[in-house]
Amino acid sequence: MKAAVLYQVGGPLQIEELSIENPHAGEVMVRVAAGGVCHSDLHVIRGDLRAPLPVVLGHEGAGVVERVGDGVTDFKPGDHVLMLWRASCGHCLHCLGGRPALCELGAGIRWSGHLTDGTSRFRRGDTEIRHFAGVSSFGELTVLPQEGLVKIEPTVPLDKAAIVGCAVMTGVGAVINTARVEPGASIVVVGCGGVGLNAIQGGVLAGAEKVIAVDVLDNKLGFARDFGATHLINASQVNAIEAVKEVTDGRGADYAFEVIGIPKAMAEAYQMIRRGGTLVIVGVAPTGAEVSFNASSIMLDEKTIRGSLYGSCIPKRDAPRLLNLYRAGRLKLDELISREYPLGQINEAFAALGRGEVARSIIRFAG
Ligand SMILES: NC(=O)c1ccc[n+]([C@@H]2O[C@H](COP(=O)([O-])OP(=O)(O)OC[C@H]3O[C@@H](n4cnc5c(N)ncnc54)[C@H](O)[C@@H]3O)[C@@H](O)[C@H]2O)c1
Ligand SMILES: [Zn+2]
Ligand SMILES: [Zn+2]
């Protein structure tokens, strides 16, 4: 089967013919229909985010079950599935605490690049190729732990389901699950790419009165307006902190979401929230990067700083909810996919993402 392999930091991804082993016990082989192009993969390609190499990247995707390993009872060949980049075991400390995005099983898979039994299903000749976050959606076929899949209705288009797997679950979840934004609140979203646009539509779903979009590119602010932003701020042209205060009675917003991954932008987003406000960090900063906040302000202004991993989602609850909202016309997925590429043009897809040309793009597989 064909897949895009990253051999070294800096890339490019190479389209290779790989062998794929049948699913082991508790695993599922999926024929990928579409894989989303997320900035987290680009961070890995650029070396800002660690992943064991060589690897089949792609952590957003959907497809059809091809075959199942021993002991798999929830899935059968032909089922349509959405892939999760954080499998959750259901019984570790974090799963039991209602925070499956922090699951120890899923974290182990992510950082090892191996499936649960400590091995990979991908090889090229004698070379072992790793999995990425237990998904690896940039290949025609992949194998996942059954805990990393959600079954979906066959009527849901698989390309739309794919982007729910990361961008939508992360962006909407940061607003609804992590911050629990309440109706009438004001929010500012810094960075209006695939994930940030979903924080914007999460703000609309939550009933926020002001949804302030900040980006450095006018085309992104145009997408933000289409997704429901009420105020648009181009941070390359004006002082964004002052501009946010101007539209929030001089105080700052109730909530800010940093959805880029730049420490300086995180520190600025902290200054965009009012006293008592909450900053939610969604962007992935380069490994080892640090950020500083005024120490006395954290206390004097009672500000909260929170991380949001995978939108603090409960995947098997949230994925069906989001897809139902889409079917009811209340969640924009069609508008999110600005381009489709065949696997052979995956490096161009990442270049376009890096240049800021797309809202989200997907790799569409034939068949
Ligand atoms: N927390 C999580 O679980 C999680 C999940 C998925 C992605 N992410 C991270 O979220 C971030 C966004 O991902 P994406 O796929 O939406 O990326 P993207 O490239 O589509 O979007 C990033 C946006 O930030 C804008 N931007 C860049 N520099 C800016 C600046 N100085 N000020 C304002 N805007 C600026 C860009 O123009 C772009 O619109 C990445 O860091 C990604 O790794 C985190
Ligand atoms: Zn992602
Ligand atoms: Zn767990």
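One is the number of the first residue; the rest follow in order along the sequence. Start at 1 and go down the list; that is how both ligands and their atoms are numbered.
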Worksheet item: Could you go step by step and tell me if Met29 and Ile20 meet the side chain to side chain contact (heavy atoms under 4.5 Å, CB included) rule?
Response: CA-CA 9 Å; Met29 183 184 281; Ile20 182 165; 4.1 Å; yes
Fill in: Minimal non-hydrogen separation, Ala185 against Asp254, with atom names
CA-OD2, 3.3 Å
Worksheet entry | Closest non-hydrogen atom pair, Ala240 against Ala235 | CB-CB, 4.0 Å
Discussion item. Do Arg121 and Thr119 pair up side chain to side chain, a donor and an acceptor below 3.5 Å, judged on atom types alone?
Written reply: yes
Discussion item. Between Asn177 and Arg317, is the side chain to side chain donor-acceptor pair (under 3.5 Å) condition met? List the steps.
Written reply: CA-CA 12 Å; Asn177 296 328; Arg317 175 196 68 183; 3.3 Å; yes
Practice prompt. Quick one, list the residues around ligand 1 where some non-hydrogen atom comes in under 4.0 Å, by chain and residue number.
Written response: Cys38, His39, Ser40, His43, Trp85, Cys166, Thr170, Gly191, Cys192, Gly193, Gly194, Val195, Asp215, Val216, Leu217, Lys220, Val259, Ile260, Ile262, Val282, Gly283, Val284, Ser308, Leu309, Tyr310, Leu353, Arg360
Worksheet, complete the sentence: When Asp318, Thr178, Thr170 are each screened for side chain to side chain donor-acceptor pair (under 3.5 Å) with Ser312, the one that passes is Thr178
Response to the item:
Sorted by chain and number, protein N/O/S atoms nearer to the Zn ion (ligand 2) than 2.8 Å are Cys38 SG, His59 NE2, Cys166 SG
Worksheet item: Parallel under 30°, tilted from 30 to 60°, perpendicular over 60°: which one fits the rings of Tyr255 and Phe257?
Response: parallel
Worksheet item: What pair of heavy atoms forms the shortest contact from His59 to Phe132, and how long is it?
Response: ND1-CE2, 3.6 Å
Item to complete: Using a 4.5 Å cut-off on heavy atoms from C-beta on, say whether the side chain of Lys2 contacts that of Glu17.
Response: yes
Worksheet, complete the sentence: Asn347 meets the side chain to side chain contact (heavy atoms under 4.5 Å, CB included) criterion, sequence neighbours left out, with Pro12, Leu13
Worksheet item: At their closest point, which heavy atom of Ile200 faces which heavy atom of Ala213, and how far apart are they?
Response: CD1-CB, 3.9 Å
Discussion item. Does either side chain, that of Arg327 or that of Asn324, offer a donor lying less than 3.5 Å from an acceptor on the other one?
Written reply: yes
Worksheet item: Should the pair Lys303 and Tyr270 be classed as cation-pi, given the thresholds of under 6.0 Å to the six-membered ring centre and 45° from the axis?
Response: yes
Discussion item. Please give me the protein atoms (N, O or S only) lying under 2.8 Å from the Zn ion (ligand 3), ordered by chain and number.
Written reply: Cys89 SG, Cys92 SG, Cys95 SG, Cys103 SG
